[in-house]
Structures are given as structure tokens and as C-alpha cells.
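Everything below concerns the one structure shown next.
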Protein chains: 2
Amino acid sequence: MPPISASDRVHLELIKTACSNCNLRELCLPLGLKKEELAKFDDLVSTRKRIMRGDHLYHTDQSFDSIYAVRSGFFKTCVLDEAGREQVTGLHMTGELLGLDGISTETHSCNAVALVDSEVCTIPFSHLEDLSREIHTLQKHFHKVMSREIIRDHGVMLLLGTMRAEERLAAFLLNLSQRFTARGYSPAEFNLRMTRVEIGSYLGLKLETVSRAFSHFQESGLIEVQHKHIRILDIPGLKKLMVHQQPHNVRKSCRRGFL
Amino acid sequence: MPPISASDRVHLELIKTACSNCNLRELCLPLGLKKEELAKFDDLVSTRKRIMRGDHLYHTDQSFDSIYAVRSGFFKTCVLDEAGREQVTGLHMTGELLGLDGISTETHSCNAVALVDSEVCTIPFSHLEDLSREIHTLQKHFHKVMSREIIRDHGVMLLLGTMRAEERLAAFLLNLSQRFTARGYSPAEFNLRMTRVEIGSYLGLKLETVSRAFSHFQESGLIEVQHKHIRILDIPGLKKLMVHQQPHNVRKSCRRGFL
DNA sequence: CGCGCTGTTGAAACTTGTCAAAGTTTGTGG
DNA sequence: CCACAAACTTTGACAAGTTTCAACAGCGCG
């Protein structure tokens, strides 16, 4: 929690808060807006917020009024059950939207935690609804974003429901790789921002299993692991793992992509 | 596939298609609409469709233009991976919306299959978007429905990621019970519309495991099973299973509900 | 009436989880 | 800037849970 200097910084950065000159425009909510529409959108997204590593952007049961776009950094969202078991439901990087879970009950139903020092743009939801009644494109795009989240969730269900440990980790790495690529980073080399426990929680595995799978991938020459730093050496090899590794239930037609 | 009589039936039923006198109004999309708004909504939802048991309402890769409200019957949605493994992503009963997955890419990303003879109301999506720009309440409610779907998905992830077989089945039965109750049916007694394979696919288990869990619940006096007919004898007992059955990782605070 | 589909049950195999110990990294405070 | 503690990771051995394989029972349909 930065105490005094924070407000200074916020002032400084308000200048850049305008979506119209944000380099994430193409990944983020204002995608496809015309110049004058974008100007209206700029008014909507007026505040930016800094979240320090380990801090919550919001908690379960906290009242909902805004969604957030990740401006920089990395977040996890997770739910807890009655027994205190945690399930990581998503890992969110720049340009992605957080908080959609809160719309339904006007109360957040998961926790959003920064995995590194991060910044988010706050989008007051009722304003977004107002504006999306005006701007066709915005309405459409927002619906698509929500729908995309549902599709992503289905991919995770497929992963959790049908894949074995190493397939899950392969799918996870390929998915990260693809998302880093979309953001202009290397597809093959990146730093994990989360711990083995968190990866395990996302993939429905224990940390030891995750660790063993990493080690095994390394032995197989598929990747190089050094703690949180990953270099993927053989993308096709990882992909093959996902299709071939299962024992013997090859049926029917083949369809959807992973994750 | 009903060949000739179908069109007759459709005619007959068009009379009742109006949402304004549909008894599912309170569960379905037009929830909360005023009288005159409801009239507009009636125009939107003009066609109803019959889907016979085992038939698809839509397929993966089919182009998207409408969402559907289940008027009667029971559906599953499922995704297939490259290897042909199926994951059931949802089981949908009356009043629930199908097809939200298609909004994102304007192509469906899962299969929707009727588990019994069913009827759906077709809601052309672009019309829905038009109307929800006019009718505030509709816009808000639609967003809530999508958000609720995301929350449901998180619950399934929690189930798949953290629960053991019997906990999953207990959660599943309690969830069904609750949804039947919301529709005015008995909380304790119902017929499963899906096979053990489908239950297993939804819960990330093999059919044998599902079968064994059913048998075990019966031995424990928690339920009575006769093929697809289920009678729940001990709801609190099932709930206890979900919290107590895990070995020994009780930590932290407790929060979210199941499924 | 029998064939196929669905469901049940048992035994063995396999995958992942659990427990434990030791090694590594990171962050903090001196 | 180093040292130490805490957090994280790796690895092994063993246990537990789930899947696999197989055989059989029940129901429904032609």
C-alpha cells in the first residue's frame, strides 16, 4: 500500500488513462469503436488503480459496481468452498476484464488477487450499461467478451474433466504461450507469475504433481524450466502430448481447440 | 424427426408462444419486464421449436444467430476435444437459456442435445440486442443471466478441481434438487434425464465411479436409487459429505456455496 | 424372444495425492 | 550488502482414489 506518493502517481497517470491512446485498445473493451465513440468511452474509464502484489482487487461478497480492465500486471481469480479449499478460476493478463462475476448478484462471487504489482482501469458498470445502449459496437463487443469468458470456462471444464496431469500442464503452457504471443511477447519464453500451488489449483492438481510434470517435460526436452522461468523448446511436442497421451478412447469426430 | 404433423403442431403452439402468458416468465429472460415491455418482447420471441430426444438443437461450428430458452424438456451441452473426448459442460432445464457460447464468435462452440423430447423458444440475438437497447430492464437482466452462467461455471470448476467422486455426486444431486424445487417440483424425488455416462462426463468421472457412488449413497441411507429414479432421503447428510469427506486440509475462512 | 443399451459389481492396474526431507530462492533487517 | 528466515520447489516412497477391464443383470425395442 503506497501511502503518500500514490496520489501523485495517480495524477501523473490520469493523463494517460484515456483509452484512446492506450496501446491495449485492440485487446480491451473499446475494440472497434470509432473515434467519437472512443471519446465517450474515455469519460467512462476515468480512474486507474494500483494493486500491489498479493493484494485483492476485490473479495467474495464485496459489493459490485465496476468491472476492471487489466492495464498492467497479472491477476488470479479464485473461489473458496465451505471447507476452505481454493480453486483458481482464472489467470488474467493485460487487456482482460475482471469482475464479470459480480454482475449477476451485484456482489462479487470470487476473489481477484494481484500476482505482481498491477494496474487496472475501473469501468463503472452502470455507466457501461448506459453507454452500451448508445453505442451499438460497444454493446456487441461487451456481449462477445462475456461470451468468450463462458467459452473459456468450458475449455477449463474440458481440461479438468477429461485430461490427465501432463496434458493439463501442456494445455496450460500452450495457452499462456498463445496469450503472450497475442500481446507481442515471445511465444516460447516467459516468466510464470504464479506459484506451483496456484498452477496446481487452476489445473486441479497438487503442487507436487505440477512440479513432477515440469521435471518430466524438461527430461523429455519439451521445455526448460528454471523456477518461474519457462522456455518452450517443442510446441508441437506439447500439442501432441494432449492428443496422444490418453490410453485408448479414440472415438468420433474431433472438434474444439484447447482451453 | 416428425415429418408432416410437425408444422401443424407449430401452428397450434404459436398461439401460446407469447411470453406474457408463459408460466416460466419468472425463471426466464423476460423477468421483471413491465406489461408494455413484455408485449414488445412477445414480438421478439415468435417461434418455438420442438427437439426430439437425442437430436441436436445446435452443433459446434454451426453459425449462431439465436439464443434459446428451454420451454420444456432437458438438454445437455458438451464440448469435444481433438481426441474425441466429451465433456458435458451443462445440463439445462426449463427456463434456462442456451446458446450464449455462440455470441462471441457468431459460431456455436458446443453441442446442445435434447435428453428428452423438448421445446425451446427461439430468441433472435440481434433483435434481443436491439430491444435491450430500448428496454433497460431487459438489458440488465440479460447481463445478469450471462454473469450467472459464469458463476455457475466457476462452481463446476471448483467441483472438478477440488472435490472427490462422492462429493461431486452429492453436489450434483443437491444442485438438481434445488433447481427442481425452484420449478415447483419435489426437492427429494425426481427422475434423472441423463445416463451414468453423461453424469460422469459432467462430473469428470467414469460411469463406473458414478454407479458405485450411487450404490454407496444408497447403502448409507442417503438416497434411494432405482435406475433413473432418485429419492433423496437425507439432504443434510449429503451436504455434510461435501464438507467433511476431505482428508485433512481445513484452512482459512469459508465462503462460497456449492455448484 | 433375443439383442443391444444401460447399469452394477469385482479385481487389478494406474495415476495422483500424501507425507517427509532436503534444496533453492526471495525478501527483510541488520 | 550480507545473513537469515520464510516461502517455494524438488524428489522419493508410499497410500489412496479412480480408472480399466471384465463379467453379468435388467430393461426396452424390434
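Chain letters run A, B, ... following the sequence lines, proteins first and then strands; every chain starts at 1.
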request  = Scan Gly204(A) against the nucleic acid and name what it touches under 4.0 Å (heavy atoms): base, sugar-phosphate only, or nothing.
outcome  = sugar-phosphate
query = Does Lys206(B) put a side-chain nitrogen or oxygen below 4.0 Å from OP1 or OP2 of dC21(D)?
reply = no
message = I need the CZ-P distance between Arg53(B) and dT6(C), as an integer number of Å.
response = 9 Å
request  = Specify the separation, in whole Å, of atom CZ of Phe214(A) and atom P of dT24(C).
outcome  = 19 Å
key: Below 4.0 Å: OP1/OP2 of dC8(D) and any side-chain N or O of Arg196(A)   = no
inquiry  = What's the closest nucleotide to the side chain of His227(A) if the choices are dT24(C), dT9(D), dT16(C)?
reply    = dT24(C)
remark   = Glu198(A) atom CD is separated from dC8(D) atom P, nearest whole Å, by 8 Å
task = Working to the nearest 0.5 Å, report the span between CG of Leu57(B) and NZ of Lys49(B).
result = 6.0 Å
note = Between Met52(B) and Ala114(B) the two heavy atoms that sit nearest each other are O-CB, 3.7 Å
inquiry  = I need the CG-P distance between Leu160(A) and dT18(D), as an integer number of Å.
reply    = 15 Å
task = Under 4.0 Å between any heavy atoms, over every strand shown, what does Ser215(B) touch: base, sugar-phosphate, or nothing? Just pick one.
result = sugar-phosphate
inquiry  = For dC21(D), does the base pair up with any side-chain atom of Glu208(B) as donor and acceptor (N or O, under 3.5 Å, distance only)?
reply    = yes
task = Could you check how far CG of Leu192(A) sits from P of dT25(C), rounded to whole Å?
result = 15 Å
task = Taking only the side-chain nitrogens and oxygens of Ser211(B), find out if one of them lies under 4.0 Å from OP1 or OP2 of dG7(C).
result = no
key: Candidates dT25(C), dT10(D), dT6(C) - which lies nearest the side chain of Leu207(A)   = dT10(D)
ask   = Nearest-Å distance, CD (Gln218(B)) to C1' (dG7(C))?
value = 13 Å
ask   = Rounding to a whole Å, what distance do you find between Met163(A):CE and dT19(D):C1'?
value = 18 Å
inquiry  = Salt bridge check, Glu96(A) against Arg152(A): does any charged N sit closer than 4.0 Å to a carboxylate O?
reply    = no
request  = Nearest-nucleotide wise, let me know which of Thr195(B) and Arg168(A) is further upstream toward the 5' end of DNA chain C.
outcome  = Thr195(B)
key: Atom-to-atom span, CD of Gln226(B) to C1' of dT8(C) - whole angstrom   = 14 Å
query = Has Arg164(B) got a side-chain N or O lying under 4.0 Å from the OP1 or OP2 atom of dT19(D)?
reply = no
ask   = Would you say Glu208(B) and Arg196(B) make side-chain contact, with heavy atoms under 4.5 Å?
value = no
query = CG of Leu192(B) to CZ of Phe172(B): how many Å apart, nearest 0.5 Å?
reply = 6.0 Å
ask   = Taking N and O atoms by type only, does the side chain of Arg212(B) place a donor or acceptor under 3.5 Å from a partner on the base of dT20(D)?
value = yes
